[in-house]
Each structure stands twice: as C-alpha cells, then as structure tokens.
Amino acid sequence: MVAGEFYISGGEDLKKDRRRAKNLLHRLNVIEYRITKKARLILEELIPNAGKNLYIEPPFHCDYGYNIVCGDNVYFNVNCVVLDSNKVTIGSNVLFAPGVQLYTATHPLDIETRRTHELAKPITIGDDCWIGGNAIICPGVTIGNGCVIGAGAVVTKDIPDHSMAVGNPAKVIKKLNTK
C-alpha cells in the first residue's frame, strides 16, 4: 500500500488498523470533542509521527493515522479528512482551514482491477503553507514550501515553492514574497 502498489483494503491487518483508528477518532470526535489533556493523548496515539504542537479541532477523520507525518506547529481546523493509505508528509508551521481533504487513495482505471484492488500515492506539503477551506489535495501531489492554496482549490498537480494556487483544477496565479 505505502509502496504505491496495488493492494486489497479488505485484508485483516488493514481492517484491524482502520478499526483502531476509528475507535480513537470516536474518542476524539465524540467523547472529548474539545482539545483536553485526554484529547492530546488520543492524538499522540492516533498520529505518533507528529512533531511538537499538533493541534486538531474535532471533528477530524483519517484512515490509519500512522501514515501521517507532521513537523512542528501543524494546525487542522474542523472537518478535515486525511485518507492516509499512503504517507502524508506535512512540514512545520502548516495551517489547514476547515474542510480540507487530503486524498492519498485512488483507484485503478481498469474496471476489473478496480473491483478488487486499490492504489495510494503519497502527498507532501512543505513548511509554512496555508491550505484554504474545502481545498482538496489529490493523490501523488507535492506542495512546496511557503505556499498558499486558495479555498475550494482542487490540487491535481505539484505546486512549486512560494506559490499561490487557486481553482479547479488549481493553477498557480502568482509567486509569493519570500521575505
């Protein structure tokens, strides 16, 4: 799965891992709902590969959690979704507005293969990025350092460092000041 090869999501190990994540998410999203000491412990268990100061406003959803790697000072606002069937690498000082969705999951185009197998491609987001509300980051995309992704953008291709990208599909509309 993480190697970017076809996989079968119905395997017992993956089902067990998704159940574990769903149980942690239930505790975070329903029982705690506010960021308390208990909620922070849940996040540490759910996303063990996070740097300092990961802050997630519930509700939040992910498939596994352990495929999410965050730098320091990462903030997710409400209703964010991370389909982490492959690695999601997030730099430091990254802000996600409400409703942002990161999709590593994809499917084969061939009908017969799609009935039994799935694919996933990694997503990478550099340092100092701001991802606007309801933006969607598609499988295999890399967003460079210092980028701003506009609200509602659908990012289907890589975005170079210090760029502002908007629209569907997202297009770079300007270079940002790096000072």
Side-chain angles (χ1 to χ4, degrees), residues 1-30 32 35 39-108 114 117-127 129-144 147 149 153-159 170:
M1 180 172 77
V2 177
E5 298 175 4
F6 290 124
Y7 68 96
I8 299 171
S9 66
E12 287 307 311
D13 288 346
L14 293 180
K15 287 197 307 193
K16 182 179 133 221
D17 289 352
R18 285 193 303 275
R19 255 191 317 273
R20 177 191 160 280
K22 295 301 178 213
N23 287 334
L24 290 167
L25 289 165
H26 176 78
R27 288 173 43 206
L28 176 69
N29 294 333
V30 177
E32 292 303 315
I35 298 303
R40 289 184 201 287
L41 292 172
I42 293 166
L43 286 175
E44 287 175 16
E45 190 175 347
L46 179 66
I47 304 173
N49 301 308
K52 297 175 189 167
N53 302 318
L54 170 63
Y55 194 95
I56 295 177
E57 289 282 354
F60 174 80
H61 301 279
C62 66
D63 286 331
Y64 302 97
Y66 55 67
N67 287 326
I68 302 169
V69 178
C70 297
D72 296 335
N73 308 313
V74 172
Y75 174 79
F76 283 91
N77 209 319
V78 297
N79 292 321
C80 289
V81 175
V82 180
L83 299 185
D84 64 320
S85 296
N86 204 314
K87 194 171 186 178
V88 175
T89 305
I90 300 165
S92 293
N93 307 306
V94 177
L95 306 170
F96 294 94
V100 171
Q101 300 175 52
L102 308 177
Y103 301 151
T104 65
T106 186
H107 298 276
R114 185 169 57 236
H117 290 78
E118 296 183 29
L119 283 170
K121 298 177 183 177
I123 291 174
T124 302
I125 298 171
D127 295 334
C129 290
W130 174 26
I131 313 299
N134 293 310
I136 296 172
I137 313 301
C138 290
V141 165
T142 295
I143 296 173
C147 288
I149 306 299
V154 178
V155 184
T156 60
K157 293 185 171 63
D158 293 353
I159 305 297

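Along the sequence shown, residues are numbered consecutively beginning with 1.
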Asks: Quick check: does any side chain N or O of K87 sit under 3.5 Å from a backbone N or O of A3, one acting as donor and the other as acceptor?
Replies: no
Asks: Closest approach of N86 and N67, non-hydrogen atoms and distance?
Replies: O-CB, 3.5 Å
Asks: Specify the closest pair of heavy atoms between C129 and G144, including all atoms of both residues, with the distance to one decimal.
Replies: SG-O, 3.0 Å
Asks: Within the side chain of D63, is there an N or O that forms a donor-acceptor pair under 3.5 Å with the backbone of L83?
Replies: no
Asks: Which pair of non-hydrogen atoms, one from V88 and one from V82, has the smallest distance, and what is that distance?
Replies: CG2-CG1, 3.8 Å
Asks: Between the main-chain N or O of S92 and the side-chain N or O of D127, is there a donor-acceptor pair closer than 3.5 Å?
Replies: yes
Asks: Quick one: sort the F96 and F76 rings into parallel, tilted or perpendicular, breaks at 30° and 60°.
Replies: parallel
Asks: List, one per line, each side-chain donor-acceptor pair under 3.5 Å for residues 44-61, sequence neighbours excluded.
Replies:
residue : atom : partner : partner atom : Å
N49     : ND2  : Y66     : O            : 3.0
N53     : ND2  : N73     : OD1          : 2.9

Asks: Please list all pairs passing the side-chain hydrogen bond (donor to acceptor under 3.5 Å, both in side chains) test where one or both residues lie in residues 129-142, with sequence neighbours left out.
Replies: none
Asks: Can you give me the closest heavy-atom contact between I42 and E32, atom names plus distance?
Replies: CD1-CG, 3.9 Å
Asks: Any idea which heavy atoms bring T156 and C138 closest together, and the distance?
Replies: CG2-SG, 4.0 Å
Asks: Rounded to the nearest 0.5 Å, what's the gap from SG on C62 to CG on L102? Could you check?
Replies: 11.0 Å
Asks: Could you pull out all residues at least two apart from T104 that satisfy side-chain hydrogen bond (donor to acceptor under 3.5 Å, both in side chains)?
Replies: none
Asks: More than 12 non-hydrogen atoms from neighbouring residues, nucleotides or ligands closer than 6.0 Å to NZ on K157, yes or no?
Replies: no
Asks: Rounded to the nearest 0.5 Å, what's the gap from CG on D17 to OG on S9? Could you check?
Replies: 12.5 Å
Asks: Checking Y75 against V94 for the side chain to side chain contact (heavy atoms under 4.5 Å, CB included) test, could you report, in this order, the C-alpha distance in whole Å, the side-chain angles of both residues, the deciding distance, and whether it holds?
Replies: CA-CA 6 Å; Y75 174 79; V94 177; over 6 Å; no
Asks: Output the distance between atom CZ (R114) and atom CG (L119), rounded to the nearest 0.5 Å.
Replies: 11.0 Å
Asks: Rounded to the nearest 0.5 Å, how far does NE2 of H117 lie from CD1 of I8?
Replies: 4.0 Å
Asks: Nearest 0.5 Å please: distance from the CD1 atom of I143 over to the CG atom of D158.
Replies: 9.0 Å
Asks: With a 4.5 Å limit on heavy-atom distance, are the side chains of V100 and I149 in contact?
Replies: no
Asks: If you take all heavy atoms of Y64 and R20, which pair is closest and at what distance?
Replies: O-NH1, 4.0 Å
Asks: If you round to the nearest 0.5 Å, how far is CZ of R40 from CG of L28?
Replies: 11.0 Å
